[in-house]
Colleague: 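Below is a structure I'd like to ask you about.
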Amino acid sequence: MAKVIVVTSGKGGVGKTTSCASLGSGLALRGHRTVMIDFDVGLRNLDLILGCERRVVYDLVNVIQGEASLQQALIRDKRADELYMLPASQTRDKDALTLEGVQQVIAELSRDFDYILCDSPAGIERGAQLAMYFADEAVLVTNPEVSSVRDTDRIIGLLHAKTLAAKEGRKITEHLLITRYSPERVHQGEMLSLEDVQEILAVPLMGVIPESEAVLTASNKGIPVIHDETCDASQAYRDAVARLLGEERPLRFTEYRKQGLFSRVFKGGR
Amino acid sequence: MKLLDLFQREQRASAGEARERLKIILAHERSLRSQPEFLPRLQQDLLEVVKRYVSIQSDQVRVQLDRHDMMSVLEINVTFPNTALSGGVQGGGH
């Protein structure tokens, strides 16, 4: 039986798809058979971040409507052997995804994979609710910024009310993933600290991804940033994957390091 | 470091402001979320009944459900303004 993990946030543009691609790749690199499902019907993006956009033939809706088999629609990742993805449909018909259809796809994938990552669309509507419905765990991608934190709180409310787990009286394991974190701006008091965000949302922290130029470079190239081992963001995603697997890892890249002569003169103060 | 602190004091406020604003709005939104869906309608109905007898504003009827382990308490709070009652009864009443 696979573990179903929804990667969600409410707010758009906070790094759901980027994070999903890196977490999925990370799980696969650790030897776990992983499949990612892009739930963003109408707006397909996970394929671009993974660099497999030209290999998309069939999509999730094709599978649900019986126009293609799962085997035909699944795309194997070029970099991580154990990683597959199921692309979103670009149909404009928002009702093309059905609960029964999603259930069937997840049940079938569940037989072959260890992890099923559901990349949620932004918002709190049907698409987002379908992406989370069968989840056992949830990765809550949040920027240290007021609207993102508020929207994540709304999503937590939905996880508690509108999922199969909630209806069966089970609790979804929640993980907070803070992205675009700038220790320097936190140090300057311009950005909510990870402690602030964690205290407000009261969800266990699974990782903090520092703001990094490497993320844009990676998406430009269609290579999930976790593969760029030289960058902080990659290391932070690797740590997050380890924590998702239950390992303990100290936080990295969250402390502001003062640099240069000026900071050395004032060393010792905080 | 003191000198730097002085320069940064102005900016330091903004993250604190974000934190306080979030705490307030989320507390409000969470309390709405945990309510049963009929509560706003109950509040509206009660308001109309009370209005037949006393002239009050919509925000003067408050309906709140407090959940406890063994039971829930439905608290209905109607605040009468001093002017709404004749005979010198002072405002406030359950």
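Every heavy atom of this structure was used, including side-chain atoms; hydrogens, water molecules and symmetry mates were not. In what follows, chains are A, B, ... by sequence order, proteins preceding strands, each numbered from 1.
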Colleague: With sequence neighbours left out, which residue pairs that include part of residues 115-143 of chain A fulfil the ring pair (Phe, Tyr, Trp, His ring centres under 6.0 Å) condition?
Modeller: A/H32-A/Y115
Colleague: So that I can tick it off, tell me whether A/E199 and B/R19 are bridged by a salt bridge, with the cut-off set at under 4.0 angstrom between side-chain N and carboxylate O.
Modeller: no
Colleague: Is the count of non-hydrogen atoms from other residues, nucleotides or ligands lying under 6.0 Å from A/E213 atom CD greater than 12?
Modeller: no
Colleague: So B/L22 and A/D153, do their side chains get closer than 4.5 Å, heavy atoms only?
Modeller: no
Colleague: Looking only at non-hydrogen atoms, find the nearest pair between B/A18 and A/L192 and report the distance.
Modeller: CB-CD2, 3.8 Å
Colleague: Might you confirm whether atom CZ of A/R243 has over 12 heavy atoms from other residues, nucleotides or ligands at distances under 6.0 Å?
Modeller: yes
Colleague: Taking everything shown except B/R21 itself, do over 12 heavy atoms lie less than 6.0 Å from its CZ?
Modeller: no
Colleague: Check whether more than 12 heavy atoms from other residues, nucleotides or ligands sit under 6.0 Å from atom CD of A/E125, and answer yes or no.
Modeller: no
Colleague: With a sphere of 6.0 Å drawn around CD of B/Q57, does it hold more than 12 non-hydrogen atoms of other residues, nucleotides or ligands?
Modeller: no
Colleague: Measure the shortest side-chain to side-chain distance between B/R33 and A/H160 over non-hydrogen atoms and say whether it is less than 4.5 angstrom.
Modeller: no
Colleague: Enumerate donor-acceptor pairs with a distance under 3.5 Å from any side-chain N or O in residues 6-14 of chain A to protein atoms, sequence neighbours excluded.
Modeller:
unit_1, atom_1, unit_2, atom_2, d
A/S9, OG, A/K11, O, 2.6
A/S9, OG, A/K16, NZ, 2.9

Colleague: Which members of residues 95-103 of chain A, sorted by number, sit under 4.5 angstrom from chain B on a heavy-atom basis?
Modeller: none
Colleague: What is the minimum heavy-atom distance between A/G189 and B/S14, and which atoms define it?
Modeller: O-OG, 3.5 Å
Colleague: Could I get the full list of side-chain hydrogen bond (donor to acceptor under 3.5 Å, both in side chains) partners for A/T18, not counting sequence neighbours?
Modeller: none
